[in-house]
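Reading through the structure tokens given below for one structure.
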Amino acid sequence: MTHLPEYDSLNLPAIGNEILKKWQDENTFEKSVKIRKGSKPFTFYEGPPSANGMPGIHHVMARSIKDIFCRYKTMKGYQVKRKGGWDTHGLPIELGVEKMLGITKDDIGKKISIEDYNAACRREVMKYKDKWEDLTRKMGYWVDMEHPYVTFDNNYIESVWHLLKELYKKGLLYKGYTIQPYSWAAGTGLSSHELNQPGCYKNIKDNTVTVQFKVVQDKKTEKMFPKGDIFFLAWTTTPWTLPSNCALAVGKNIEYALVKTLNRYSGKPVRVILARELLPKYFDEYFDEYDDEKLNSDTAIIEKNFKGSEFEGIRYEQLMPYAKPEGGDAFRVLLGDFVTTEDGTGIVHIAPSFGADDFRVAKQNGIGSLTLVDRNGKFTAAVTDFAGRQVKTKEDQAKQDNSTDLAIILKLKKEEKAFKIEKYEHNYPHCWRTDEPVIYYPLDSWFVKTTAVKERMIELNKTINWKPEATGTGRFGNWLENLVDWNLSRSRFWGIPLPVWRTEDSSEEICIGSVAELEKEISKSAAAGFMKQVKVTDLHRPYMDEIVLVSTKGKKMFREPDLIDVWFDSGAMPYAQWHYPFENKEAFGNSFPADFIAEGVDQTRGWFFTLHAIACMLFDSVAYKNVLSNGLVLDKHGNKMSKRLGNAVDPFEVIEKYGPDAVRWYLISNAQPWDNLKFDREGIAEVQRKFFRALYNTYSFFALYANIDRIDFDEKQIPLAERTELDRWILSALNSLMMKVEGYYNDYEPMRAAREIENFVVAQLSNWYVRLSRRRFWRGGNSSDKIAAYQTLFACLDAMARMIAPIAPFYADRLYCDLQNTRKGGAKVESVHLSRFPSATEENINPDLEELMATAQKICSLTLGLRKKYNLPVRQPLKRILMPVSSTPEINSKAIAGLEKIKKLVLAEVNVKELEIITDTSGVLIKKIKPNFKELGKKLGSLMKEASGMIQGFNQQQIREMEQNLEYKVNLAGKEIVLTINDVEIVSEDIPGWHIATEGSTMVALDVTVTKELKDEGIARELVSRIQNMRKERNFEVTDKIVLKIVKNSGVESAIVNNFQYICAETLAESLELVESIDEISAESVEVDDNIHTSIIINKLNLT
RNA sequence: AGUCCCGUAGCUCAGUUGGUUAGAGCACUACACUGAUAAUGUAGGGGUCGGCAGUUCAACUCUGCCCGGGACUACCA
């Protein structure tokens, strides 16, 4: 006979540690994968974290989600391999190293060699690897940390190169340029990450100017405008870009006005065009009627109105004719969707070389471009009078009187092209290294032509199951709709080098797709004498930079100096983690695309996108079929967690304190994974207290009595039909639960699964089934009813262990093994994670029974409510409950039959002797009628209000008629309308002269008469309660027999005599003696109620 | 600035295709129950469902605008 283990208390952290050790000793994770060999694979991709930062509580969240579904699918019979990974490249690592070494990017190659710098990055990136591995282990996240993929590995990089070459071959990799934030002082482009560093955006005052662009007179403009010079007005905060102006943009639907006014500097009359809405910004007054008297620089006379679209294609004269734009037809008015009337004139000056919007709109319209500023931020020689002048510096801003901007403005003023000159304060980005203002500048970049497969990406995205759906259609979908080519280039040091070599004149280039190919090219180059024959050992900089290849025409080819965007690294993981296609072709084939991935919602345009893009471009496939994007973990006040605010939660500490299961359960059950979670440790304590303790208590109760009764669980299963109503009910509820929970896990709805389980354990299993079954367990002997109770409870606990296993893997394992390993003959089980997820047996589900039990619970709660209301303690037995049931015959018989079944349970629970069902309620019940808005609303529409009033005014007689005839004719707004019984809801409201309570359609009346007999029984119960408490206080075992002595008096005597057997049985008293007095010290005086007192002595019966 | 998510009781969250007294848990108060129970039951207080407008017989629910929190992307005359 094996014993079920019993515990003093529930210690979740200790269970965590013990199970962890067990998993380690027994290689449980490996086994869980191994035993599914040959089964259908369920593919999961691990999004690689970067180990150069400490893991936080949000990582526990994200990884719990990943872990849950992998464990679940394993238990469903799939083989779920989980290869870990490390993201190792990127700017944050470079910044960390620079901080550590106390250097800046300028020092690289000077104070420190690229070689040493990259070596430092390689070390730095794994700084917290130990911590990550420790957390992974402690939180119970099963992922293969022994054989992770690492993005800086040569093999990994080689796979990435292969992918790049494939893109190259398809013509999807090209060199172009975009307008990017550029630090002329540092000579480098800046990433948005760099621009978002604190302090980069500063409020500065700039000299701005509204300038006049003169319309060219041609056939079109002659028709549109009055004779004479007409000017478009455009405002700029960067006058230095005006020499490079190539176009003007207007808003298609914006209203513009042609006005006559005086130029405030020349004093001459002038006709200008600007957005009508913005007239007040430029003029104090404006008129529709011409009046010469009123003409001055602060007033405008509106001569004509236009819509922006009418201006499209109008030509204007170049403002500052230093040089002609190349590559297009410039100096035209374009339509731009970005044009607003928030400030300026509603007409935007376009310099395609110095603005991203400008570039885009110019390209779309074939405008060409003009770049009159060099890479040092100085005007080129073409700008004769300003040549060599720095266009935007912090000095300029300091002494505004002498800035280049102002010089340009003054020149324009002199030429009578300036309309208004103002100072303007705004936020402007600065270089975080040099502190100089950033300019936007065209820079060479390598691009992936994602726009070429845009439609296909959108199409494939529609086949992906997004959780939540809105992320897939909204954030991700919109992103795809507005896709631009993917800028791969990064001017950095620590990353995957772009494997493209070019001749200096760019006439020839080669994209390398493997190490072998590179070595072959090196041999050729060595043969040509361009470099020594070398073996390739590291695919990073600076080694790759040192390689010079030879072109087919015999020219030297140098590597394009850029690194690639680290997002490409991680997006390439489905292939590169296997070193595909150089190795593991089969492994790759079996694991693509992924069935499931999960990461933070911040990865939408990051990892989710890059996975999707690469898979779509190269494999015409999705990269993942299901994706769950989880929200943030905020502090309990809803603030973002940060080290700076000191509100970051240490995941190690929390896991140690509450145990990994409680933390995981809390994170999962508290909010939908995609909603932000306000993390509050009180919540974890509550999960511990309520859910885990209820489950543990249920197990403890089970173990306590099963051990007493020496149940060994080898008994034959008692057929369901022979079990009690209560057993059949909880098994039905259990099977329903299985169906729901399985559905939720399948739908990637872990919160709903957790809550459903929680409700079952706390409300149904612990608080109803066990509570009402207690007596069955402590009754002597091993009757078949008792065996049935054990079997039922065992089934519930066993299923619970397996159902919670994905979320609470530690306690689940303990519970499962404790339960299973008591079976006498059975083989020892090792772990719940090697078992199968329980599936429902549909025959066991009985919805009627579940509904019936819900009614029983309702009746109990109503009765207890009444007891409370009339101050009738539950220990006082009462005579009867009356229950009116519907007068519809067919509902009636079913309801009555049902109530008969649960009668006993209810009566025992609320301590009442009888339940009487009243079917003939006429004359007894007072009923209330109200319209069924949903039904009737459809039928009546706007007559609802009137109908509602009328129906609620029905008297008892009318209600009765309605019930009997099942319909009722009324007059509404002159029309006769037949109300059917379904159009209304009739509920019982009151029974005059009774104590009643109702909830919904359930009504309970309580007979509160207390007879002498009932009173005695109540007293007996009180005594039992006191005696039980005394047993407990004295730490008697549940099975200890006792001898009882009670001091007799008129208050208790008849109660004891009349309930002698009952008292003895309940308290396990072998003898009960009524005595005149007790003088022993151990006697306890008790108060039964206000007027009745006595003394009791209990002693353990000495078994000899 | 754009896109997306969130806003319901002091706190954490439910709330079906729109249907009339908006729910649960925690916390608080009182009472009750308890030989599995740091549990549970009953009752109570606590809400202009972020705001305004619209659609509708009917809006927490649908639409628009606005406010607040957050994320991502971008940074513009």
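The figures that follow rest on heavy atoms only: side chains count, while hydrogens, waters and symmetry mates do not. Worth saying up front: this structure is predicted, and the values here are computed from it rather than measured.
Considering only side-chain N and O atoms, A:Y705 lies under 4.0 angstrom from the phosphate OP1 or OP2 of B:A36. Phosphate proximity of B:G15 to A:R752: present, with a side-chain N or O under 4.0 Å from OP1 or OP2. A:Y440 has a side-chain polar atom (N or O) that falls below the 4.0 Å cut-off from OP1 or OP2 of B:C76.
Between the side chains of A:D358 and A:Y440, no donor-acceptor pair is found at a separation under 3.5 Å. A:N670 and A:W665 share no donor-acceptor pair across their side chains, judged by distance under 3.5 Å alone. Side-chain contact check for A:Q857 and A:S861: no donor-acceptor pair (N or O, by modelled atom type) lies under 3.5 Å. When only modelled atom types and interatomic distance are considered, A:D818 and A:Y7 share a side-chain donor-acceptor pair under 3.5 Å.
For the side-chain contact (heavy atoms from CB on, under 4.5 Å) test, residues two or more places apart in sequence or in another chain that qualify with A:S353 are A:S369, A:T371, A:P442.
As a whole-Å value, the separation of A:N1029 CG from B:C33 C1' is 11 Å. In this structure, CE of A:M751 is placed 12 Å from C1' of B:G15, rounded to the nearest angstrom. Rounded to whole Å, atom C1' of B:A71 lies 15 Å from atom CE of A:M61. As rounded to whole Å, 11 Å separates atom P of B:C76 from atom CD1 of A:I179. If you measure from atom OH of A:Y744 to atom P of B:A14, you get 13 Å, rounded to the nearest angstrom. A straight line from CG of A:L772 to P of B:C33 spans 17 Å, rounded to a whole angstrom. A:E1022 places its CD atom 11 Å from the C1' atom of B:A32, with the value rounded to the nearest Å. Going from atom CD of A:E758 over to atom C1' of B:A14 covers 13 Å, rounded to whole Å.
Look at the P atom in both B:G2 and B:G41: the space between them is 50 Å, to the nearest Å. Comparing the P positions of B:G25 and B:U63 gives a spacing of 32 Å, expressed to the nearest Å. Spacing of P atoms, B:C5 relative to B:A43, comes out at 39 Å, to the nearest Å. Between B:A36 and B:A14, the two C1' atoms lie 30 Å apart (nearest whole Å). Taking atom C1' on both nucleotides, B:A59 is separated from B:G54 by 11 Å, rounded to a whole Å. Atom name P, nucleotides B:G69 and B:C26: the rounded distance is 32 Å, in whole Å. Comparing the C1' positions of B:U61 and B:U16 gives a spacing of 10 Å, expressed to the nearest Å. One P atom belongs to B:U3, the other to B:U40, and the distance between them is 47 Å to the nearest Å.
Judged by distance alone, with hydrogens and angles left aside, the side-chain atoms of A:T238 form no donor-acceptor pair with the main-chain N or O of A:W240 at under 3.5 Å. A distance-only check finds no donor-acceptor pair linking the side chain of A:S669 to the backbone of A:M751 [under 3.5 Å].
Contact detail for A:T1067 and A:Q1028: the closest heavy-atom pair is CA-OE1, 4.1 Å.
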Q: Indicate for each nucleotide in nucleotides 38-43 of chain B, in 5' to 3' sequence, whether protein heavy atoms under 4.0 Å reach the base (B), only the sugar-phosphate (S), or nothing (-).
A: B-SSB-
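With the nearest nucleotide of RNA chain B identified for both A:Y666 and A:T236, A:Y666 has the one nearer the 5' end. Nearest-nucleotide assignment on RNA chain B puts the 5′-proximal partner with A:V770, out of A:G355 and A:V770.
Taking the six-membered ring for Trp and thresholds of 30 and 60 degrees, A:Y666 and A:F679 have ring planes more than 60 degrees apart, a perpendicular arrangement.
Of all nucleotides listed (B:U37, B:A32, B:C26), B:U37 comes nearest to the side chain of A:K1032. For A:M944, the listed nucleotide lying nearest its side chain is B:C57; candidates were B:C57, B:G25, B:A36. Taking every side-chain heavy atom of A:R875 into account, B:U34 is the closest of B:A14, B:A32, B:U34. Nearest to the side chain of A:R755, among B:C26, B:C13, B:C75, sits B:C13.
Residue-level contact check: A:Q1028 touches the bases, meaning some heavy atom is under 4.0 Å from a base atom.
The ring of A:F701 has its center closer than 6.0 angstrom to the ring center of A:F777. Taking the ring centroids of A:F213 and A:F232, they lie at or beyond the 6.0 Å cut-off.
Annotated stems with RNA chain B as a participant read B:1-7 with B:67-73, B:10-13 with B:23-26, B:28-32 with B:40-44, B:50-54 with B:62-66, given as range with range, by first number; only runs of 3 or more Watson-Crick or G-U pairs under 3.5 Å qualify.
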